[in-house]
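This report concerns only the one structure given below.
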Number of protein chains: 6
Amino acid sequence: MNEISNSTPRSSSESRAEMIEVVLPNDGNPLGNILGGRVMHLIDIAGAIAAHRHSRGPVVTASMDSVDFTHAIRVGQMVVLQSQITAAFRTSMEVKVDVYCEDYNTSRRLRTSTAYLTFVAIDAAGKPRPVPPLLVTTEAEKLLYQEACLRRQERLARHQRNKGPA
Amino acid sequence: MNEISNSTPRSSSESRAEMIEVVLPNDGNPLGNILGGRVMHLIDIAGAIAAHRHSRGPVVTASMDSVDFTHAIRVGQMVVLQSQITAAFRTSMEVKVDVYCEDYNTSRRLRTSTAYLTFVAIDAAGKPRPVPPLLVTTEAEKLLYQEACLRRQERLARHQRNKGPA
Amino acid sequence: MNEISNSTPRSSSESRAEMIEVVLPNDGNPLGNILGGRVMHLIDIAGAIAAHRHSRGPVVTASMDSVDFTHAIRVGQMVVLQSQITAAFRTSMEVKVDVYCEDYNTSRRLRTSTAYLTFVAIDAAGKPRPVPPLLVTTEAEKLLYQEACLRRQERLARHQRNKGPA
Amino acid sequence: MNEISNSTPRSSSESRAEMIEVVLPNDGNPLGNILGGRVMHLIDIAGAIAAHRHSRGPVVTASMDSVDFTHAIRVGQMVVLQSQITAAFRTSMEVKVDVYCEDYNTSRRLRTSTAYLTFVAIDAAGKPRPVPPLLVTTEAEKLLYQEACLRRQERLARHQRNKGPA
Amino acid sequence: MNEISNSTPRSSSESRAEMIEVVLPNDGNPLGNILGGRVMHLIDIAGAIAAHRHSRGPVVTASMDSVDFTHAIRVGQMVVLQSQITAAFRTSMEVKVDVYCEDYNTSRRLRTSTAYLTFVAIDAAGKPRPVPPLLVTTEAEKLLYQEACLRRQERLARHQRNKGPA
Amino acid sequence: MNEISNSTPRSSSESRAEMIEVVLPNDGNPLGNILGGRVMHLIDIAGAIAAHRHSRGPVVTASMDSVDFTHAIRVGQMVVLQSQITAAFRTSMEVKVDVYCEDYNTSRRLRTSTAYLTFVAIDAAGKPRPVPPLLVTTEAEKLLYQEACLRRQERLARHQRNKGPA
């Protein structure tokens, strides 16, 4: 039994996650660059962990907004992923995931992608279940939240278009 | 040595690809649904094969447009992915990937996602290299091509925004 | 409930399957050639998909006839597998699987192996269940079917020998 | 540098190999039985280790004779594979692989398959290289050797047929 | 039903296990040496198989004593692991695992690590269950058994320390 | 070229690492508990990342001290690993790795294991290379460092014993 009710607001720092993976030979193409699909796979896992923590139970991926791969990551390098909740709606959450390639010699991180995903919290029967509200206090959090709401409207409009007469 | 020059236009049917995968236990969450990230991984591979065939050499993923996961696919089911080139630019190509879940008993396919990816053709040194033009003849191909050009403008605008003062 | 009964004959084109795999570093030996065992693994999956589709339910591999590996397939190349039902008996099916290595520069396919496998359709309790008859109409289909029957007699004779006094 | 020349005859006991694998969830079908293709993959590895040891260098799989899967092996059970050289020719070797399922409670082994594979020894350039003769001394070894020669004739006849007018 | 009761003493030779693995690219670091963690993974599997056989049922790893990695094992080489029970207590067993790297050209084995693990036998509910006594007859077995008892005392003292005021 | 020399002392907070993994079906035994060997594999990776960061280049695992597995971690749960350098010697480093199982409903972490590993920094030729000194300032860091030196003496004594007449 949860001691904290699932309707108590929670801050994004409570569910924030960081993952590190070493790029293995099987993750790369014949030229030794990580496959875009492998990065997306890691983005989804990092995002799901934050959503899972915020909602205290299982989640499924509903969508990922467009994502760019601006720099090559090489086999043998480290990929660092940071995820945090930007907005919580009734049964869904938006999560931002930043992907970094970590340099061997300087230990500096270069951001290579940023992605926004939507996860839906589900119960054991696979039905959507309510998630806790997100505590938004700092200016940075408020900005992220407002942008998340705009992206949500775009997503809903996109769904509407795709359902049109075809 | 290629007998057909890389500047000879090629139709999308020459590079079209179909992949089938059986969803394994490690591909699923504890409730037995395939992870969104695993689907994205397969989408990227299916798209890369079409881009690879069209450009007759290695490619890297530059971006994936937003993608929705509208139906759950279960461990033990079959995922079918179909990919085809929709437009070829100087060194890049747009590829459309349709994802289907195949039903056991009726062998019918339910489309669960559609994604548009951009791949850049590269040479052995990792530099962009020219790709053959796409032969666009049927009305359906012309429509796909026009839509691809619109999506390309949106992507370029998105890049411009993300490079802005931050 | 199936709308088409499992006793309605079905043509091989309804269950035919095509799979594409990119050969990964872990699939190869230290010289960079795909392992024979990895090819057999893919052959079995491609064959099982066709048998699964024809019989509309789970199947198990009963046997694979002898198979030769005549050309090396390299890490980074594409393996294409095509499978089709050649004959359906009471609860078992013979499936033919052709393996091709696809060339990077010309997109031409070189056939590297052909295998014949027998699958048994099973129910949820693991017991054999009846499969639909195979619709054999073209001359090519009739030839494949006759050869399949000959191979079946050889298999039954082989089983008989292996059960003999030893 | 080898202290024992590669032309010194070697007995099969010097290269004999035994492998044990625990069947993992990803190795099985939705009903929890190991896939035939996974067994073939393990057969190839077990056979290659014996051929590798006998020839003291890399080998490639040339063919596998027909193989039957007579008993289901379950996820969580142990698969034991035993391989031994049955005959050595100029640059190739025949290897016999026995597959056993090991029972949890009684530790007894049930043989589920037997396979005969041919491996070709290759050098760093991928060209066939000579292998040591096989020392055949016991009656059992002589019988295995004679049978191996008969199987070899069948394989050569099979190759001849497949090269015929088609 | 077991024909031999689980209280009948059993010798270590009845449960002894040997495993062979070929080191794959994904098992290595960018310099081509097997990762220490991959070796530990294999040590645990080899140890668990011997404990599983001795106790005729499932086991869980309780601890591994300190282990050294004295020689590099390379991608493409073979790792051979030999495991045997050294002592059986009420519900737990100590297992010794020797790790060897096998040389390509001479087929000689170089021991690279030795590890001692403790496994607890569990029933279907996850509760510890009694294991058969170990039959100790040869001088070598008696020495191994005495050393195992000393290591056990060290482990119990270690647990006591770690539970102390901190 | 490094802007910070490899002889400049570095604090442990600069190389500290945190990893999160979701336990997959293939990581577990048939009862659904993670294998001890899989945990050791993750411990080694988490430790290697901290050592890699501190020494700004590749490392190999030299040893792992004894480790206990005190609580079962289940398939579907999250494993969190935290690693930090406790001492740096001439070419080697000791790293402490804490393993936690994270609870679904309360998001609380339960520590299940602690391990101490030694890594050696190597150059491209596989030879040991010097590592930066560790900056030890807080009382907690001093205690960790003193304990690390004691453990090092025990390891050297252990090596001495194992090299004795045998």
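Just so it is clear: chains get the letters A, B, ... in the order the sequence lines come, proteins before strands, and each one is counted from 1.
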Would you please go through residues 60-70 of chain F and name the residues with a non-hydrogen atom below 4.5 Å from one of chain E, in numerical order?
-> F:Val60, F:Thr61, F:Ala62, F:Ser63, F:Met64, F:Asp65, F:Ser66, F:Val67, F:Asp68, F:Phe69

When rounded to the nearest 0.5 Å, the distance separating CZ of E:Arg129 from OG of E:Ser55 is 4.0 Å

Using non-hydrogen atoms only, which part of F:Asp123 is less than 4.5 Å away from chain E: side chain, backbone, both, or neither?
-> backbone

Under-4.0 Å salt bridge between F:Lys142 and F:Glu139 = yes

Donor-acceptor contact below 3.5 Å, side chain F:Arg10 vs main chain F:Arg53 = yes

Determine the minimum heavy-atom distance between E:Met19 and E:Glu21, stating which atoms define it.
-> CE-OE2, 3.9 Å

Rounded to the nearest 0.5 Å, how far does CZ of F:Arg151 lie from CZ of F:Arg158?
-> 12.0 Å

Between the side chain of F:His52 and the main-chain N/O of F:Val59, is any donor-acceptor distance below 3.5 Å?
-> no

Pairwise distance OH(E:Tyr100) to OG1(E:Thr114) - rounded to 0.5 angstrom | 6.5 Å

Verify salt bridge (charged side-chain N to carboxylate O under 4.0 Å, His left out) between E:Lys96 and E:Glu147, making sure each step is shown before the conclusion.
-> CA-CA 11 Å; E:Lys96 181 187 190 223; E:Glu147 290 171 351; over 6 Å; no

For chain F, which residues from residues 33-43 of chain E have at least one heavy atom closer than 4.5 Å to it?
-> E:Asn33, E:Leu35, E:Gly36, E:Gly37, E:Arg38, E:Met40, E:His41

Distance, nearest 0.5 Å, that separates CD of F:Glu154 from SG of F:Cys149 | 12.0 Å

Worked check of side-chain contact (heavy atoms from CB on, under 4.5 Å) between E:Phe119 and E:Asp44 | CA-CA 10 Å; E:Phe119 292 92; E:Asp44 181 61; 3.8 Å; yes

Which bit of E:Ala124 comes within less than 4.5 Å of chain F, counting heavy atoms only: side chain, backbone, both or neither?
-> backbone

